[in-house]
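What follows is a set of notes on a single structure, which appears directly below.
Below, each value reflects all heavy atoms present in this structure, side chains not excepted, and no hydrogens, waters or symmetry copies.
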Amino acid sequence: MLLCLDEIEQWQKHHLIMSSNALTLFILFLNILCPSISGALNHEGLSLLSWLSTFNSSNSATAFSSWDPTNKDPCTWDYITCSEEGFVSEIIITSIDIRSGFPSQLHSFGHLTTLVISNGNLTGQIPSSVGNLSSLVTLDLSFNALSGSIPEEIGKLSNLQLLLLNSNSLQGGIPTTIGNCSRLRHVEIFDNQLSGMIPGEIGQLRALETLRAGGNPGIHGEIPMQISDCKALVFLGLAVTGVSGEIPPSIGELKNLKTLSVYTAQLTGHIPAEIQNCSALEDLFLYENQLSGSIPYELGSVQSLRRVLLWKNNLTGTIPESLGNCTNLKVIDFSLNSLGGQIPVSLSSLLLLEEFLLSDNNIFGEIPSYIGNFSRLKQIELDNNKFSGEIPPVMGQLKELTLFYAWQNQLNGSIPTELSNCEKLEALDLSHNFLTGSIPSSLFHLGNLTQLLLISNRLSGQIPADIGSCTSLIRLRLGSNNFTGQIPSEIGLLSSLTFIELSNNLLSGDIPFEIGNCAHLELLDLHGNVLQGTIPSSLKFLVGLNVLDLSLNRITGSIPENLGKLTSLNKLILSGNLISGVIPGTLGLCKALQLL
């Protein structure tokens with residue numbers, strides 16, 4: 001007996017390096033010498049130990065230390081649950097690096113209802129014998145390294161309700177036999193390498209609530225009409241696939257659908273008016289397709305809508321007034337289309353709106369003042385449109401606003417000082433408009449502001465010394481305006497700056513020595529002003545500088561020798577000045593220099 005116990009102790013220490021054949025011999029050895037012990041562990045336990053012997057990870061030695069061959073059954077082992085009759089009913093192993101294949105040893109586990117081996121570096125193929133697990137309700141093999149195809153035999157699992165195979169390297173098509181799994185409620189096969197068409201047999205899954213097959217670029221063809229037979233469907237996800245054709249009008253029969261996610265695909269045609277019948281719809285994600293026509297007026301009937309993302313399509317027409325009925329909307333993104341007209345007054349009722357994104361369209365008219373009532377608004381992007389008029393001062397009421405883009409429009413008037421009340425503002429870009437007046441000095445007291453871009457307007461006055469208070473600023477671009485006076489020395493307090501672009505203004509005086517304190521600068525462009533004095537020696541501290549453009553000014557003196565320390569420099573432009581002397585040989589140290 002002592003010999004048997006010693007052998008078992010040695011097995012527990014070294015089972016990870018034992019092959020399956022070796023384990024078989026070991027069990028035979030125990031049968032001969034120690035029948036009272038080896039005979040204690042039932043068939044299911046022996047099968048599990050056989051699978052354990054294939055693990056190639058040292059981490060699993062501790063994780064599976066409870067798998068004791070002296071037990072009569074595996075019911076007390078970690079990750080194992082048994083039925084009242086003593087049969088294994090659940091195996092749940094998550095986030096343990098086992099580095100093994102699918103446990104084909106389990107093919108005779110007739111009472112197994114749950115098999116979860118997730119995030120375990122499971123390799124190889126799913127064997128056809130998986131179809132023998134006839135009691136299986138849950139099969140979760142997600143986040144592994146499985147390859148090969150989904151076996152046709154999966155269709156034998158008539159009790160299956162949850163099938164999670166996502167985030168592997170599975171190939172081939174979705175088997176048509178999946179239609180036989182009539183109790184299936186959740187199918188998640190996203191982020192694999194699957195191909196082929198979505199089988200029409202999917203319509204046989206009348207209990208289906210979730211179908212997520214996105215992240216498989218090889219899946220192609222149309223959304224099958226039969227999908228409308230899945231009346232319980234809540235989530236339909238086919239994003240980042242090759243799905244093409246029109247959205248079937250029968251989609252409107254899915255009364256329980258909450259999420260329609262078919263973005264970054266090849267959909268064409270119109271968004272069907274029948275979508276109004278999807279009365280539970282909350283998230284409509286159809287961006288990055290080739291959809292055309294107008295946004296259907298009927299969409300406004302779906303009052304449960306929370307997020308509508310239709311950007312980067314070929315949509316025309318106007319923003320439907322009916323969207324004002326969707327008072328639960330939090331995100332609207334219609335960017336990168338060909339929409340026209342004005343922002344309808346009816347949208348004033350969308351008081352829960354957090355993101356309002358209309359970039360790259362042909363929308364015109366004034367920015368509506370009611371936007372100031374959107375107290376939860378975080379981002380508003382109106383750039384690349386035809387907006388005119390003044391920026392409404394009431395935008396200063398947007399206490400949650402982090403981003404305001406309105407560049408490339410036809411806005412006029414001054415920058416409202418009230419914007420400085422948007423204390424969470426991080427990015428402000430009003431470039432390429434017709435704005436006049438000076439920059440409100442209070443803007444530079446926004447502690448979270450990282451980007452201030454006001455390029456190509458008609459702004460004037462001096463750059464306020466308050467700029468030194470804007471210590472989070474990373475990008476400052478004020479080029480092509482009419483700014484006068486000196487560059488304030490306080491700019492040297494902005495240690496996070498990477499871009500300073502003040503070109504094509506009327507700035508005068510010396511380049512401040514303190515600019516050398518902006519140690520993270522990558523671009524310094526001051527060309528096209530009336531700057532005087534010499535090139536400050538402090539520029540030697542800007543070791544990450546890629547572009548230095550001081551051309552078309554009135555700078556005198558010589559090129560400092562210490563510019564050779566700027567080894568990252570690839571563009572040095574000093575033409576159109578009054579610089580004298582020789583080009584220092586130290587510039588030869590700037591190996592990346594392409595333009596001098």
Side-chain angles (χ1 to χ4, degrees), residues 16 44 47-67 74-75 77-82 88-107 109 111-151 153-154 157 159-172 174-175 178 181 183-194 208-216 234-235 237 239-240:
L16 283 176
E44 290 186 333
S47 296
L48 288 167
L49 289 182
S50 176
W51 179 49
L52 178 63
S53 72
T54 67
F55 292 7
N56 293 311
S57 171
S58 58
N59 295 333
S60 57
T62 303
F64 292 89
S65 59
S66 67
W67 288 26
C75 297
W77 295 358
D78 290 340
Y79 323 115
I80 306 297
T81 301
C82 290
V88 172
S89 60
E90 294 184 0
I91 301 173
I92 302 177
I93 304 170
T94 61
S95 301
I96 299 175
D97 186 10
I98 60 178
R99 301 186 193 181
S100 181
F102 182 91
S104 56
Q105 296 89 339
L106 311 184
H107 64 85
F109 282 39
H111 295 81
L112 188 65
T113 60
T114 301
L115 177 58
V116 177
I117 309 171
S118 178
N119 193 27
N121 206 2
L122 204 63
T123 58
Q125 301 186 8
I126 303 171
S128 58
S129 59
V130 71
N132 296 332
L133 301 174
S134 56
S135 298
L136 212 56
V137 174
T138 297
L139 177 60
D140 181 356
L141 305 177
S142 60
F143 297 100
N144 283 296
L146 292 168
S147 57
S149 60
I150 301 173
E153 288 77 8
I154 208 92
L157 304 179
N159 293 303
L160 196 63
Q161 295 182 26
L162 186 66
L163 176 62
L164 307 181
L165 304 178
N166 59 281
S167 307
N168 281 283
S169 298
L170 296 170
Q171 301 172 335
I174 302 170
I178 199 170
C181 304
R183 297 185 181 181
L184 259 180
R185 295 173 56 209
H186 302 282
V187 176
E188 299 192 2
I189 52 179
F190 60 89
D191 291 346
N192 279 286
Q193 299 171 25
L194 298 171
L208 191 64
E209 297 176 19
T210 303
L211 173 59
R212 299 184 63 186
N216 290 289
V234 173
F235 192 111
V240 195

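Within the model, atoms CD of Gln125 and OG of Ser104 stand 12.0 Å from one another, a figure rounded to the nearest 0.5 Å. One finds the CG atom of Leu165 at 10.0 Å from the CG atom of Asn144 (value rounded to the nearest 0.5 Å). To the nearest 0.5 angstrom, Leu49 atom CG is 12.0 Å from Glu44 atom CD.
Residues Phe55 and Asp97 fail the side-chain proximity criterion, which asks for heavy atoms closer than 4.5 Å. In this structure, Ile80 and Ile92 have side chains that are not in contact, with every pair of non-hydrogen atoms separated by 4.5 Å or more. Looking at Val88 and Pro74, their side chains come closer than 4.5 Å, going by heavy atoms from C-beta outward. For the pair Leu146/Thr123, no side-chain contact is recorded, criterion being any heavy-atom separation below 4.5 Å from C-beta on. Considering only heavy atoms from C-beta on, His186 stays 4.5 Å or farther from Gln161 through its side chain. With contacts defined as side-chain heavy-atom distances shorter than 4.5 Å, the pair Leu115/Phe109 does not qualify. For the pair Phe190 and Val240, the minimum side-chain heavy-atom distance is 4.5 Å or more.
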Q: Please test Leu170 against Ile189 for side-chain contact (heavy atoms from CB on, under 4.5 Å), starting from the C-alpha separation and ending with a verdict.
A: CA-CA 9 Å; Leu170 296 170; Ile189 52 179; over 6 Å; no
One pair to check against side chain to side chain donor-acceptor pair (under 3.5 Å): Thr54 and Ser100. What are the steps and the verdict?
CA-CA 6 Å; Thr54 67; Ser100 181; 2.6 Å; yes
Point to revise | Audit row: Ile98, Leu122, side-chain contact (heavy atoms from CB on, under 4.5 Å) steps and yes/no | key: CA-CA 7 Å; Ile98 60 178; Leu122 204 63; 3.8 Å; yes
Which is it for Leu163 and Ile178 under the side-chain contact (heavy atoms from CB on, under 4.5 Å) test, yes or no, and what are the steps along the way? CA-CA 10 Å; Leu163 176 62; Ile178 199 170; 4.2 Å; yes
#### Entry: Derivation and outcome, side-chain contact (heavy atoms from CB on, under 4.5 Å), residues Trp77 and Phe64
CA-CA 8 Å; Trp77 295 358; Phe64 292 89; over 6 Å; no
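A donor-acceptor pair under 3.5 Å is absent between the side-chain atoms of Glu90 and the main chain of Thr114, judged by distance alone. The backbone N or O of Asp78 sits less than 3.5 Å from a side-chain atom of Trp67, completing a donor-acceptor pair. The main-chain N or O of Asn166 is never found under 3.5 Å from a side-chain atom of Asp191 such that the two would form a donor-acceptor pair. With hydrogens and angles ignored, the 3.5 Å screen pairs no side-chain donor or acceptor of Ser118 with any backbone N or O of Leu141.
Among all heavy-atom pairs drawn from Leu194 and Asn216, the shortest one is N-OD1, 3.0 Å. Closest of all the heavy-atom pairs between Phe143 and Asn168 is N-ND2, 4.1 Å. Residue Ala63 comes nearest to Tyr79 through the heavy atom pair O-OH, 2.8 Å, listed as atom of the first residue, atom of the second, then distance. Between Ile154 and Cys181, the shortest heavy-atom contact is O-SG, 3.2 Å.
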Give the table of side-chain donor-acceptor pairs shorter than 3.5 Å for residues 128-140, with sequence neighbours excluded, one pair per line with atom names and distance.
from   : atom 1 : to     : atom 2 : distance (Å)
Ser135 : OG     : Gly110 : O      : 2.5
Asp140 : OD1    : Ser142 : N      : 3.0
Asp140 : OD1    : Ser142 : OG     : 2.7

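In this structure, Arg212 forms a cation-pi arrangement with Phe235, its terminal cationic atom sitting closer than 6.0 Å to the ring centre and no more than 45° off the ring axis.
Side-chain contact of Asn119 with Ser95: a donor-acceptor pair under 3.5 Å is present, judged by distance alone. There is a side-chain donor-acceptor pair under 3.5 Å between Asn159 and Arg183.
Residues satisfying the side chain to side chain contact (heavy atoms under 4.5 Å, CB included) test with Gln193, not counting sequence neighbours, are Ser169, Gln171. In this view, His111 and Phe87 satisfy the ring-ring contact (aromatic ring centres under 6.0 Å, His included) rule, not counting sequence neighbours.
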